[in-house]
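The structure appears right after this line, and notes come after that.
Predicted, not measured: the structure shown is a model, and the values here were computed from it.
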Amino acid sequence: MKSFCKNLQAVVSLSAALVAVAVPVALPGLAHAEEISVTQWGTSLYGLPYAIAIEQGYFKKAGVDITGILTSGGGGTTVRNILASKLPYGEVAVSAALAAQRQGLDVVIVNTGTRSVAEASAVTMPNSPVKSIADLAGKKVAITSPKGVSEMLLLMALKAKGVDAAQVQRVASGGYINGLTMLEQGSVAAAVLIEPLSIVRKDKYRTVYSAGEVLQPMTTSVGITTRAYAKAHPETIRAIIEGRQQGVRAVYRDPAAAAKLLESSFKLSPEVAREAVDNMVRARMWSEGDFDQAELDRMTDGLKLIGEIKDNVEWDKLIDSSMLPPSIKIKSKL
């Protein structure tokens, strides 16, 4: 199967080089039918269940012919791509869904995507005196951008360990690679990182903390559509959620096969691909689609820390769980 994702350079550039315009990527061997959008498709592990669902034909079996994924840099770009699509469904960061709602856009959350921050970490140089989160007090830490996910997770980790965030200077690097350069040059004491880059370069740095070991599970991405489309085509949305669910189950059932697909798609070594998948399987990164109130609220708490939102989110006004397949609906805690 031909690679439908970017090469490793795009993976490790992440925030610094995410594409700005949606590009349709279709798998070979299937007639072009419908496309959906997935945040940071080809640059993170969010979309692995979709890749498997397409390759294994799970979407078709569920009743919808998804043959391609629109890739974008996340946030508002992904939301705009979704709203402009013939089939307006996609997976976006929770913050992007909430921002769309505040802007008065016609969006509704229909399923949970990912529920773990296990792919995030902070690293330092091997000979650094920084041994723990507490040691970051009085130091500079490279984040990718202000009010971004990397800053949010850093602030949440500091709070969880009782470290005053005011004592830690956050330096916006513009990207993960840039942050590592700053770390190597001694401009910062630590830098945030994300998989699979953290695995590829694990011999060069020492991990200060892994977010998944410090923070509890939280909803990090969600599936959205427009209220108008959900009302007119609920069976299509249900089929997409069900096809993705089967992709999630396939990852957990056979991580080795999922790693092989990730290996070919991301141009990773077999060892790196398997470690990345195993890490996310261990953390149960991918939700089958069910909602969990506690995990949603933990994301709300994080977004408050970076000033993205001020008040509690009335999830019942933004979520429509009616299109969850029966096997998923019974698991929801909302």
Side-chain angles (χ1 to χ4, degrees), residues 3 5-18 38-52 71 73-74 91 93 113-124 141-145 148-154 156-157 173 175-181 183 190-221 247-248 251-252 255-287 302:
S3 171
C5 298
K6 293 178 178 295
N7 58 24
L8 181 58
Q9 180 60 44
V11 176
V12 299
S13 295
L14 290 172
S15 295
L18 288 172
V38 177
T39 185
Q40 296 184 16
W41 172 259
T43 61
S44 77
L45 300 181
Y46 289 106
L48 184 56
Y50 293 94
I52 293 174
T71 180
E91 186 170 318
T114 50
R115 51 173 299 279
S116 174
V117 292
E119 75 277 12
S121 62
V123 298
T124 189
V141 178
I143 59 172
T144 59
S145 60
V149 172
S150 67
E151 182 179 28
M152 183 190 79
L153 295 180
L154 171 62
M156 293 183 80
S173 66
Y176 293 103
I177 293 293
N178 298 352
L180 294 177
T181 300
L183 176 64
V192 297
L193 206 48
I194 195 170
E195 290 191 9
L197 177 57
S198 58
I199 300 173
V200 173
R201 296 198 173 192
K202 65 181 179 180
D203 294 336
K204 296 190 63 175
Y205 312 104
R206 177 165 46 79
T207 300
V208 179
Y209 69 85
S210 296
E213 296 177 358
V214 178
L215 304 175
Q216 293 180 286
M218 66 186 77
T219 303
T220 48
S221 66
V248 171
V251 175
Y252 293 141
K260 288 295 291 184
L261 180 57
L262 184 68
E263 175 192 336
S264 62
S265 301
F266 276 49
K267 303 299 184 184
L268 299 174
S269 70
E271 295 77 18
V272 170
R274 184 60 193 266
E275 184 174 350
V277 172
D278 285 348
N279 287 348
M280 297 305 101
V281 166
R282 191 178 305 114
R284 306 299 289 185
M285 174 184 184
W286 300 281
S287 164

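Shown are Ile194, Ile143, Val141; of these, the side-chain contact (heavy atoms from CB on, under 4.5 Å) with Ser150 is made only by Ile143.
The OH atom of Tyr205 lies 7.5 Å from the CG atom of Leu197; values are rounded to the nearest 0.5 Å. If you take CZ on Arg201 and OH on Tyr176, they are separated by 14.0 Å, rounding to the nearest 0.5 Å. The CZ atom of Arg284 sits 11.0 Å away from the OG atom of Ser116 when rounded to the nearest 0.5 Å. Taking CG of Leu193 as the start and CG of Leu183 as the end, the distance is 9.5 Å to the nearest 0.5 Å. Atom OH of Tyr46 sits about 11.5 Å away from atom CH2 of Trp286, to the nearest 0.5 Å.
Identified under the salt bridge (Lys or Arg N to Asp or Glu O under 4.0 Å) test for residues 204-218, with sequence neighbours left out: Glu184-Lys204.
Side-chain atoms of Asn279 and Glu119 include no donor-acceptor pair closer than 3.5 Å. Using modelled atom types, one finds a donor on one side chain and an acceptor on the other under 3.5 Å when comparing Thr220 with Thr114.
Ser210 pairs by the side chain to side chain donor-acceptor pair (under 3.5 Å) definition with nothing, not counting sequence neighbours. Judged as a side chain to side chain contact (heavy atoms under 4.5 Å, CB included), and not counting sequence neighbours, the contacts of Val149 are Leu153.
A salt bridge between Lys202 and Glu275 is present, with a side-chain N of the basic residue lying under 4.0 Å from a carboxylate O of the acidic one.
For the pair Ser221 (side chain) and Glu91 (backbone), a donor-acceptor distance under 3.5 Å is absent.
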